[in-house]
Amino acid sequence: MAQEADIADLKQCAGSEVVISGWLAGRRSGGKIVFLLVRDGTGVCQCIVEPGDAVAFGCAETLSLESSVRVTGTVRADKRAPGGAEIAVSDIRVIHAADGDYPISRKAHGVDFLMAHRHLWLRSGTQTAILKIRHTLIRACRSFLDELGFTLVDTPILTPGAGEDAQSLFPVDYFGKKVFLAQTGQLYLESACMALRRVYCFGPTFRAEKSKTRRHLAEFWMIEPEVAFAELDDVIQLAEDMVRSVVSEVLKLHEHDLAHLGRDIASLTKVRKPFARISYSDAVDLLRSEELGGRLAQEMEQDRVRLEEQIAALKQLEARLAKTGNSREHDHIADNILSARETIAELEKDLASRPDHIQSARNFQWGNDLGGSDETIISGHFETPVFVTHYPREAKAFYMKILPEDRRLVCNMDLLAPEGYGEIIGGSQREEDAAVLLERIGESGLDPADYSWYLDLRRYGSVAHGGFGLGIERILSWICGLKHVRESIAFPRFAGRMDM
RNA sequence: UCCAGCGUAGCUCAAUGGUAGAGCGGGUGGCUGUUAACCACUAGGUUGCAGGUUCGAGCCCUGCCGCUGGAGCCA
């Protein structure tokens, strides 16, 4: 009797008869043989149908893409099959014959088109790989904290309006009162950590800025640990241990998925080393240094050469395309042309903006916040993720602790991911002195009345404490090597778009 | 909000100011081991919208709409 099986387990079932349930992901036919590609969420399996059974064969020949099916057959190992095992089909039951106009083919599509069909795009191999890695990442984050004795405390989604940065918040009508979607759970967590010492929250967070970049979402998920009796160094150590732990967990469980995404794992294995640390002031000196300017100029020259090589390669491809008659080869060359054009366009854009970036690094004024290009330059200087610490107080939020030795600075840190992925963590030690905090609230033009409960935390057993926020989509994009954070979440909200 | 780029077949893209094309996908037929199969045939277009220049505009000019991602802001 045929056993129900997941495609992922087929290798262990060689020789036995199984039933798999899934969807038709592809079909090729060879006259008297049909190859069905069936996916079931655990993997993809090639199913062979031969004309012995006329009913099954006829069905296989006409089955439309993405139809749901139950396929019965004998598992056999075969080197020619993707994955090393295939099913010799004895029976096909069509659960639902899909309409014949499934919009996503196995050929190239633009991201815009795919995003408009996000509900179907999720079925693709790359997208399921990302979703699985995301699941592991979140579980690893939570396990890491759980094992250190952290308690999960859920913070509210609806929050009262807080002062001036209201243009970055989504307003919501709350029984006739204007409130806002939360952009952090931090202030609430500070209360909770005075009760439980080590706490964290994990949930959606909302930013109303109309940021049209590949690093921004309007709705994203953030995990935020907060610890009492902790100073900045403790917070940094926690962040480093956590990132190292979750990256190694993903590497351990998802080698295959990362390979499917074309991710170069070598760069991820470097998180085993201690992360680099640099103070804001040292980072400014680095940006302004002759040495760095020279290195950047040299890199630019190398990229110029790369660009010329790419253009030459493109011309050759175009010449070959004009000559070829074979459709398969034509297709292959056309694909290479597309990716060559994309590389060239990106390089050209990059090279065009590079002189500005170099210039602005060279002229960087102490006191400004680091821009995106500055972060990329700094992270490019190190092979591990790098903590940048102790920013000028004017550039940062009111709740960050003033550094006693240099009151121009705050005890904060940002963790910059390698390869230009930017800030994946932002955190700080919090100001625990009520008087200083009150002063900072005033400086920031906020109303102390809005923060009376927050000030209370400094009136009753105040202690050094701090924490950070880790952006799930940002770190996932880095781990998976994605070009855009929108692929790191199933149903993204970005730049005002809401396709579904 | 500012800056830049793009908008041609269902999809991905071509097309010196001079007859709008290819590949994929769809349809039909063929093929017993394909790997994004292949071969032959076939259908498919208000070139984002509105003006303008020109003998002639997909291409040049103006305005509008839409999209993209960079600045700002940040995870």
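Just so it is clear: chains get the letters A, B, ... in the order the sequence lines come, proteins before strands, and each one is counted from 1.
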Rounded to the Å, how far apart are [X] [atom1] and [N] [atom2]?
X: E375(A); N: C74(B); atom1: CD; atom2: C1'; value: 9 Å
X: L65(A); N: C24(B); atom1: CG; atom2: C1'; value: 13 Å
X: M498(A); N: G66(B); atom1: CE; atom2: P; value: 17 Å
X: E473(A); N: C74(B); atom1: CD; atom2: P; value: 18 Å
X: E61(A); N: G29(B); atom1: CD; atom2: P; value: 10 Å
X: D101(A); N: C24(B); atom1: CG; atom2: C1'; value: 16 Å
X: H484(A); N: C67(B); atom1: NE2; atom2: C1'; value: 12 Å

Do [X] side-chain atoms and [Y] backbone N/O form a donor-acceptor pair below 3.5 Å?
X: N412(A); Y: H390(A); answer: yes
X: S67(A); Y: A98(A); answer: yes
X: T205(A); Y: Q183(A); answer: yes

Please lay out, stage by stage, how R134(A) and D257(A) fare under the test salt bridge (Lys or Arg N to Asp or Glu O under 4.0 Å). CA-CA 11 Å; R134(A) 179 185 170 108; D257(A) 289 318; over 6 Å; no
Nearest to the side chain of D112(A), heavy atoms from C-beta on, is which of C67(B), U34(B), A75(B)?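 For D112(A), the side-chain atoms sit closest to C67(B).
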What's the closest nucleotide to the side chain of F113(A) if the choices are C74(B), C11(B), G33(B)? C11(B)
Is there side-chain contact between [X] and [Y], with at least one heavy-atom pair below 4.5 Å?
X: L296(A); Y: R354(A); answer: no
X: S477(A); Y: S488(A); answer: yes
X: I358(A); Y: P355(A); answer: no

In whole Å, what separates the [atom1] atom of [N] from that of [M]?
N: A57(B); M: U47(B); atom1: C1'; answer: 11 Å
N: G17(B); M: C3(B); atom1: P; answer: 28 Å
N: G25(B); M: U42(B); atom1: C1'; answer: 14 Å
N: U46(B); M: A50(B); atom1: C1'; answer: 13 Å
N: A22(B); M: C39(B); atom1: P; answer: 15 Å
N: C60(B); M: U28(B); atom1: C1'; answer: 44 Å
N: C31(B); M: G23(B); atom1: P; answer: 24 Å
N: A40(B); M: G48(B); atom1: C1'; answer: 37 Å

So what stems show up for RNA chain B if we need 3 or more Watson-Crick or G-U pairs in a row, all under 3.5 Å?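 RNA chain B forms these stems: B:1-7 with B:65-71, B:10-13 with B:21-24, B:26-30 with B:38-42, B:48-52 with B:60-64.
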Is the ring pair H260(A)/H256(A) parallel, tilted or perpendicular, if the boundaries are 30 and 60 degrees?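 The arrangement is tilted - the two ring planes meet at 30° to 60°.
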Less than 4.0 angstrom between a side-chain N/O of [X] and OP1 or OP2 of [N], yes or no?
X: R486(A); N: G69(B); answer: yes
X: R214(A); N: G70(B); answer: yes
X: R215(A); N: A71(B); answer: yes

Do [X] and [Y] pair up side chain to side chain, a donor and an acceptor below 3.5 Å, judged on atom types alone?
X: Y454(A); Y: E190(A); answer: yes
X: T184(A); Y: E224(A); answer: yes
X: E487(A); Y: Q127(A); answer: yes

Salt-bridge present (R263(A), E419(A); N to O < 4.0 Å):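 Salt bridge between R263(A) and E419(A), a charged N being under 4.0 Å from a carboxylate O: yes.
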What about [X]: does its side chain form a donor-acceptor pair under 3.5 Å with the base of [N]?
X: H216(A); N: C74(B); result: yes
X: S105(A); N: G10(B); result: no
X: R497(A); N: C67(B); result: no
X: S168(A); N: C73(B); result: no
X: R354(A); N: G70(B); result: no
X: E50(A); N: G33(B); result: no

I need the residues from residues 135-145 of chain A with at least one non-hydrogen atom less than 4.0 Å from RNA chain B; give them sorted by number, or say none. none
Please compare D369(A) and K32(A) by the position of their nearest nucleotide in RNA chain B and report the one closer to 5'. K32(A)
Given that K212(A) and L217(A) both sit by RNA chain B, which one's nearest nucleotide is further toward the 5' end?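 Nearer the 5' end of the strand: K212(A).
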Under 4.0 Å between any heavy atoms, over every strand shown, what does E86(A) touch: base, sugar-phosphate, or nothing? Just pick one.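 Counting heavy atoms under 4.0 Å across all strands, the contact made by E86(A) includes a base.
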